[in-house]
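Counting starts at 1 for both ligands and their atoms, in listed order. Predicted, not measured: the structure shown is a model, and the values here were computed from it.
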Amino acid sequence: MSEHTNAFTMAQKQFDRVADLLGLDQQVREILRFPLREYHLRLPVQMDDGSIRVFQGYRVQHNDARGPAKGGIRFHPGETADTVRALAMWMTWKCAVADIPLGGGKGGIVVDPATLSMDEKERLCRAYVRSIWRNIGPRQDVPAPDVGTNAQMMGWMMDEYSTITGQYTPGVITGKPVGGGGSLGRREATGYGVIYTVRETMKHLKIDPTKTTAAIQGFGNVAQFAAEGFIKQLGGKVICVSYWDREDRASYTVCKDDGIDLDFLVSITDQYGSINKDQAVSAGYTIEAGDEWIAKEVDVLIPAALEGQVNGESVKKIHSRVKILAEGANGPTTPEADEVLKARGIFVIPDFLCNAGGVTTSYFEGVQNDMNFYWTKTEVLEKLDDKMTQAYASVYDMSKAQDVYMRDAAYMVAIDKVVKAMELRGWL
Ligand code: NAD
């Protein structure tokens, strides 16, 4: 990633903009522009052939004034200290906007998980926890799954932590498998949360959701459940999704003008969110190389893959019909693209509001772990809808009251809460 699109530079730029708007004190800025703590880990792991491979890992705790740091662990070959710093900072704002009593953290390991066997993955997960266990915990920092990691991996990490500490501690990590301390509804939570915010936006814009179409970037956890919500809850059509093909090392856009058959597409998609193109073509889908999802004539665009995807170049391709950009991914839009979206009047639902459903349900999971009493899926999803709807209203109201862009309004709501917590704790 160039300096131009460096995720951490971007996160700081977004923060600085709002800090200026809020006239934030210089000392407060000095605290919030950087993580409070970060750990760089070297992780030796035995491979199946007996050799030792050393992986680079990170854990960053951006701010924990409002509660224990919270944020996923990504397994990604392009992971860097700066992407983890940016994501940790966004988690601080996300937890504040969602109004859950947690701070912001993030972790990552530089690895393509698809190149590891199941046993190697397990050893890498356990090595990560052995290296960082003193600095995480239900009252310190609570990791979760993210790109390239899944519930099973969280289960191994929880087991390693519990083994080291000698106490069953399900609350050390969230996104665990159901039956192994996980919460019902966690799998669906981020994608459904995206759709709750799209639903609220359509109410304000007086759009009939049943007459709308969407194109989605990505076809992993967030994208699949956002697609399900868009189709089943809103009654709209998803006409395109996209994915990264690991064999071809290229991205593809998979489309069907009369709407995708979600169950079918999921059935030909692997655990990493890669679609089998041949089977898709046989079933009448069109496949285009590249990021054509962004150019489609749809009402709603949902980037749900990686950061920096809606940038100065790709934003020019957005069709005039598009009314809403719902940021399922973290940091999908660069500041340069933001200016274009603003000028064109496209309604942006900013990432740390739009995709807060995952962390909100992670928080519910921690609460259930603490109580040792588990809710039904309906209970979880109802509580999630309430939280997301309230969070959306607080940001929307702020954007109207201050006459600012939704992203700036989300930052204002979040920064205000974090600064208040720091004041109350006597940090300022
Ligand atoms: P995932 O690994 O399940 O899926 C990622 C998807 O993106 C895959 O389909 C992959 O093929 C696709 N992809 C990757 N690079 C691409 C490219 N260049 N072009 C097109 N498609 C590409 O990941 P996920 O959990 O769905 O997360 C997606 C995004 O949402 C990330 O930004 C993540 O940080 C964010 N997020 C995830 C959660 C969560 O609960 N999983 C919560 C909040 C935010």
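The backbone N or O of G175 lies less than 3.5 Å from a partner atom in the side chain of E365, making a donor-acceptor pair.
Residue R37 forms a side chain to side chain donor-acceptor pair (under 3.5 Å) with just one option from D141, N135, D64, and that option is D64.
No heavy atom of E307 sits closer than 4.0 Å to any atom of ligand 1. The shortest heavy-atom distance from Q224 to ligand 1 is not under 4.0 Å. Using 4.0 Å as the threshold, W293 has no heavy atom nearer than that to any atom of ligand 1.
Residue contacts with ligand 1: G273 is placed with a nitrogen or oxygen under 3.5 Å of a nitrogen or oxygen of the ligand (distance criterion only). Ligand 1 has an N or O atom lying under 3.5 Å from an N or O atom of T190, backbone or side chain. Annotation: N221 places an N or O atom under 3.5 Å from an N or O atom of ligand 1; distance criterion only. Considering backbone and side-chain N/O atoms, R186 comes within less than 3.5 Å of an N/O atom of ligand 1. Ligand 1 has a nitrogen or oxygen under 3.5 angstrom from a nitrogen or oxygen of V222. For ligand 1, one of its N or O atoms has an N or O atom of N330 under 3.5 Å away.
Of all atoms in ligand 1, listed by their number and element, those nearer than 4.0 Å to a heavy atom of A329 are 29 (C), 30 (O), 32 (O), 35 (C). Which parts of ligand 1 touch L306 is read off a 4.0 Å heavy-atom cut-off, strictly below it: atoms 15 (N). Listed by atom number, the atoms of ligand 1 under 4.0 Å from K94 heavy atoms are 43 (C). Near G148, meaning under 4.0 Å from one of its heavy atoms, ligand 1 places the atoms 2 (O). For ligand 1, the atoms sitting less than 4.0 Å from at least one non-hydrogen atom of F219 are 6 (C), 8 (C), 9 (O), numbered in the order shown with element in parentheses. Counting the atoms of ligand 1 from 1 in the order shown, those under 4.0 Å from a heavy atom of G328 are 30 (O), 35 (C), 44 (C). For ligand 1, the atoms lying closer than 4.0 Å to a non-hydrogen atom of D146 are 33 (C), 34 (O). Per-residue contacts place Q217 under 4.0 angstrom from the following atoms of ligand 1 (heavy atoms of the residue considered): 19 (N), 20 (C).
Nearest to atom 28 (C) of ligand 1 by heavy-atom distance, out of G175, A305, G218, is A305. Residue nearest to atom 5 (C) of ligand 1, selected from G193, G72, G220: G220 (by heavy-atom distance). When the options W244, F352, F75, Y272 are ranked by their closest heavy atom to atom 8 (C) of ligand 1, first place goes to Y272. Ranked by closest heavy atom to atom 20 (C) of ligand 1, the top entry among S242, A226, A144, G191 is S242.
With contacts defined as side-chain heavy-atom distances shorter than 4.5 Å, the pair L341/L325 qualifies.
Classification of the F225-Y192 ring pair by plane angle, with boundaries at 30° and 60°, yields perpendicular. Ring geometry for Y58 versus H40: interplanar angle over 60°, hence perpendicular rather than tilted (30 to 60°).
Between the side chains of D385 and T389, a donor-acceptor pair is found at a separation under 3.5 Å. In summary, the side chains of W90 and Q14 do present a donor paired with an acceptor at a separation below 3.5 Å, with no hydrogens or angles considered.
If you look at F55 and Y128, their ring centroids are not closer than 6.0 Å.
In A304, the part holding a heavy atom less than 4.0 Å from any atom of ligand 1 is the backbone.
Salt-bridge formation is detected for the pair D82/R85: a Lys NZ or Arg NE/NH1/NH2 atom is positioned less than 4.0 Å from an Asp or Glu carboxylate oxygen. A salt bridge between D159 and R126 is present, with a side-chain N of the basic residue lying under 4.0 Å from a carboxylate O of the acidic one. A salt bridge is absent between D261 and K256; no separation between the charged side-chain nitrogens and carboxylate oxygens falls under 4.0 Å.
Legend: residues meeting ring pair (Phe, Tyr, Trp, His ring centres under 6.0 Å) with W244, ordered by chain and number and at least two apart, are absent. Qualifying disulfide bond (SG atoms under 2.5 Å apart) partners for C125, counting only residues two or more places apart in sequence or in other chains: none.
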Could you go through the side chain to side chain donor-acceptor pair (under 3.5 Å) check for Y392 and T201 one step at a time? CA-CA 9 Å; Y392 183 92; T201 305; 2.9 Å; yes

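Among protein heavy atoms, atom 23 (O) of ligand 1 sits closest to V147 CG2, 3.8 Å.
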